[in-house]
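Input: a single structure, listed below in structure tokens.
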Number of protein chains: 2
Amino acid sequence: MDHGVHKRILIVEDEASIREMIAFALRKAGMDAMQAADARAAQLAIAEQVPDLILLDWMLPGTSGLELARRLRKEELSREIPIIMLTARGEEMDRVNGLEAGVDDYVVKPFSTRELIARIKAVLRRSQGDDGSGMVELGRLRIDGPAHRVFAGDEAVPIGPTEYRLLYFFMTHPERVYSRTQLLDHVWGGSVYVEERTVDVHIRRLRKTLEPWKLEDMVQTVRGTGYRFSLSA
Amino acid sequence: MDHGVHKRILIVEDEASIREMIAFALRKAGMDAMQAADARAAQLAIAEQVPDLILLDWMLPGTSGLELARRLRKEELSREIPIIMLTARGEEMDRVNGLEAGVDDYVVKPFSTRELIARIKAVLRRSQGDDGSGMVELGRLRIDGPAHRVFAGDEAVPIGPTEYRLLYFFMTHPERVYSRTQLLDHVWGGSVYVEERTVDVHIRRLRKTLEPWKLEDMVQTVRGTGYRFSLSA
DNA sequence: CACTAATGTTACGCGTCGATGACACCCATG
DNA sequence: CATGGGTGTCATCGACGCGTAACATTAGTG
């Protein structure tokens with residue numbers, strides 16, 4: 001389901017101009033756009049390559065969007081794919097039907113691309129480990145947001161405030177390098193000024209707290225760039 | 001508060017279509033849905049029939065959701081009812097403010113009904129070591145609501161009124177951090193103004209109360225955040 | 001292989017936060 | 001009216017965590 005950095009979005013919309021507009025916006029946002037003009041084409045596209053999310057126009061020639069959504073929910077291959085419905089104003093009342101069909105969100109036309117992208121990201125976020133419970137799990141590490149606790153396996157890991165925030169950030173943004181400045185922005189908050197090297201020290205402290213569980217290798221140095229949190233050594 | 005199988009959920013939301021949508025989803029999930037369009041209607045509905053949980057829109061005409069939440073926390077009748085806030089696409093500021101108001105959880109719009117139901121169940125489960133009889137048990141600690149008594153193993157624990165309420169709240173909301181403000185809201189009720197530090201003192205007294213049974217470690221400090229009640233050290 | 005920049009590591013002082021004990025007040029109860 | 005338990009507030013003390021600098025080590029570079 002995950003294809004590196006780029007998320008694959010399937011646009012199912014009969015009007016070519018709208019399709020193109022959306023596709024353009026998606027690409028600009030760093031996503032891959034697939035297109036289909038009707039239900040038939042959509043199913044073929046999915047069979048060929050499963051997308052991470054489907055944008056589905058309410059009104060389609062032939063099989064309606066709602067009907068297609070229902071159908072997709074029934075098939076094993078497409079059951080888990082989040083769907084965002086594109087509805088025109090006045091069709092909102094049918095939300096209930098859409099929900100019944102398992103649609104994840106609605107965007108009402110006309111919409112700004114900014115809003116659309118935001119919604120897509122929100123839905124994608126939810127459909128990945130972030131189930132809303134505030135729990136994040138990565139390898140043997142587990143972080144319980146509500147309880148403000150970290151577990152390695154099922155043992156509690158004693159950890160201080162800043163280390164906790166740093167680890168939390170890393171766990172929610174793994175497999176990616178962050179510069180010291182970026183880490184300061186995200187973990188410390190942009191308003192405070194501290195030396196960049198301070199990050200090093202906290203990285204050190206984080207490693208040390210993970211040491212008893214041999215997890216210190218998850219915090220990795222990328223020389224000349226910054227740090228990365230990763231499963232693989 | 002327990003009405004057989006069906007949990008009673010009160011939806012407070014001004015927009016009828018959203019209200020209906022949620023109500024539909026709730027019923028499909030086997031819950032009873034009550035509805036209210038504003039704070040006034042909500043209070044009337046609660047007075048008539050106390051729900052098991054309240055879904056509260058952040059933006060309401062007249063009295064805001066936040067304000068209503070505070071008010072509900074002040075009244076004896078509604079103090080114990082878990083609240084889930086429905087907030088618009090706001091940032092963490094909403095989150096913080098909401099949690100400070102003694103809200104149990106919040107869900108950001110737009111949300112999928114799947115997510116909403118999951119959260120509701122999570123919150124209901126959490127505030128329900130209570131099996132309906134008013135008995136709560138956690139580790140060697142047992143609390144008898146109707147009798148207003150606490151037992152460690154089978155010995156009775158002498159405990160004062162405030163300590164009792166604090167412990168009761170902790171027992172029904174374990175494994176989760178609460179700020180001093182949150183504890184004040186939930187245990188003291190929002191209507192009285194007391195210093196935040198007072199919480200520290202009662203934490204201390206509660207710990208001392210539990211000491212003879214070596215249970216004082218269940219009350220845990222989370223530096224910079226608040227306190228947590230937990231089984232594991 | 002030597003040199004240098006980047007990172008690792010340790011130590012230390014300071015500030016913040018929490019723990020604790022003392023105290024005054026309130027209210028119920030005898 | 002007196003007594004005592006219960007509660008909120010305050011001042012103090014101590015522990016903890018944080019940021020910084022100083023020193024050690026490593027990894028690129030020519």
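Bear in mind the structure is a predicted one, so any value in this text is a computation, not a measurement.
Residue whose closest nucleotide on DNA chain C sits further toward the 5' end, between B:Lys208 and B:Val222: B:Val222. Residue order along DNA chain D, read from the 5' end via each residue's closest nucleotide, puts B:Val194 first among A:Thr198 and B:Val194. The residue among A:Arg197 and A:Ile159 whose nearest nucleotide of DNA chain D lies closer to the 5′ end is A:Ile159.
When each of D:dG19, C:dG21, D:dA15 is scored by its nearest atom to the side-chain atoms of B:Arg223, the top-ranked nucleotide is D:dA15. Taking only side-chain atoms of A:Thr162, from C-beta outward, the nucleotide of D:dG17, C:dG21, D:dT20 with the closest atom is D:dG17. Among the nucleotides D:dC10, C:dC17, C:dA19, the one closest to any side-chain atom of B:Glu195 is D:dC10. Closest to the side chain of B:Arg204, out of C:dT10, C:dG21, C:dT7, is C:dG21. When each of D:dT20, D:dG8, C:dG8 is scored by its nearest atom to the side-chain atoms of A:Tyr227, the top-ranked nucleotide is C:dG8. The side chain of B:Asp200 lies closest to C:dG18 when the candidates are C:dG18, C:dT9, D:dG8.
Following rounding to the nearest Å, B:Glu211 (CD) and C:dT20 (C1') show an atom-to-atom distance of 12 Å. Rounding to whole angstrom units, CD1 of residue A:Ile203 and P of C:dT7 are separated by 11 Å. Whole-Å rounding puts the A:Tyr193 OH to D:dG19 P distance at 13 Å. Distance A:His202 NE2 to C:dT10 P: 16 Å, rounded to the nearest Å. Atom CD in B:Glu216 sits about 10 Å away from atom P in C:dT20, given to the nearest Å. One atom, CD of B:Glu163, and another, C1' of D:dT7, lie 10 Å apart when rounded to the nearest Å. The CZ atom of B:Arg207 sits 15 Å away from the C1' atom of C:dG21 (whole-angstrom rounding). If you take CZ of A:Arg180 and P of D:dT20, they are 14 Å apart, rounded to a whole angstrom.
Taking 4.0 angstrom as the limit, B:Trp188 places a side-chain polar atom (N or O) nearer than this to OP1 or OP2 of D:dG8.
At a threshold of 4.0 Å, the pair B:Asp32-B:Arg27 does not count as salt-bridged, since none of the basic side-chain nitrogens sits closer than that to a carboxylate oxygen. Remark: B:Arg180 engages B:Asp200 in a salt bridge, criterion side-chain N to carboxylate O under 4.0 Å. Between B:Asp52 and B:Arg8 no salt bridge is recorded (no basic side-chain N to carboxylate O distance below 4.0 Å).
With values rounded to the nearest 0.5 angstrom, B:Leu166 atom CG is found 12.5 Å from B:His186 atom NE2.
Proximity of B:Val157 to B:Leu167: side-chain heavy atoms (C-beta onward) are nowhere separated by under 4.5 Å.
At a cut-off of 3.5 angstrom, the base of D:dG19 holds at least one donor-acceptor pair with the side chain of A:Arg205.
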